Amino acid sequence: MSSTPLPARVRVTVPPLPLAPALTAAARRLCPDAPVDALTGAALAIAGGSVIGAHLRWAGGEVQVVETGWRGRGIEEALRGALPPAD
């Protein structure tokens with residue numbers, strides 16, 4: 001995980017796959033082109049009960065998105081560090 005502390009309201013989690021319906025909807029909102037039903041890894045940043053960032057991985061690709069207002073606060077690094085390196 002990143003050495004930069006996250007904002008107090010933010011936590012990063014690695015949920016089990018397949019994602020629960022509410023998390024699937026949030027991942028699709030943030031990353032509409034990602035094959036959310038075929039993920040091999042997912043790390044989500046949550047603030048105040050809302051998903052504000054996602055690092056999603058699938059066979060042959062990955063994507064990371066953090067909502068604009070939350071960028072540059074260490075969340076990107078925390079999301080990257082939450083998943084093991086890709087094979």
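What you are looking at is a predicted structure, and each value in this text was computed from that prediction instead of being measured.
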May I have all residue pairs that pass salt bridge (Lys or Arg N to Asp or Glu O under 4.0 Å) and include part of residues 6-23, sequence neighbours excluded?
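Qualifying pairs: none.
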For residues 33-46, which residue pairs qualify under salt bridge (Lys or Arg N to Asp or Glu O under 4.0 Å), counting only residues two or more places apart or in two chains?
Arg28-Asp37
Checking Arg29 now: which residues fulfil side chain to side chain donor-acceptor pair (under 3.5 Å) with it, not counting sequence neighbours?
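Partners of Arg29 under the side chain to side chain donor-acceptor pair (under 3.5 Å) test: Glu67.
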With sequence neighbours left out, write down each residue that passes side chain to side chain donor-acceptor pair (under 3.5 Å) with Arg80, or none if nothing qualifies.
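Per chain and number, Arg80 pairs via side chain to side chain donor-acceptor pair (under 3.5 Å) with no residue.
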Residues joined to Val14 in its hydrophobic cluster, side chain to side chain under 4.5 Å directly or through other members, sorted by chain and number, are Leu83
Please write out which residues are connected to Leu17 in a hydrophobic cluster, directly or through intermediates, given that two of Ile, Leu, Val, Met, Phe, Trp, Tyr count as joined at side-chain heavy-atom separations below 4.5 angstrom.
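Its cluster partners, ordered by chain and number, are Leu19, Leu23, Leu30, Val36, Leu39, Leu44, Ile46, Val51, Leu56, Trp58, Val63, Val65.
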Search all heavy atoms of [X] against all heavy atoms of [Y] and return the closest pair with its distance.
X: Pro15; Y: Ala42; answer: CD-O, 3.5 Å
X: Leu6; Y: Ala78; answer: CD2-CB, 3.8 Å
X: Ile75; Y: Pro7; answer: CG1-CD, 4.4 Å
X: Arg73; Y: Glu76; answer: N-OE1, 4.1 Å
X: Val12; Y: Ala82; answer: CG1-CB, 3.8 Å

How would you list, by chain and number, every residue that makes a salt bridge (Lys or Arg N to Asp or Glu O under 4.0 Å) with Glu62, sequence neighbours excluded?
Arg57
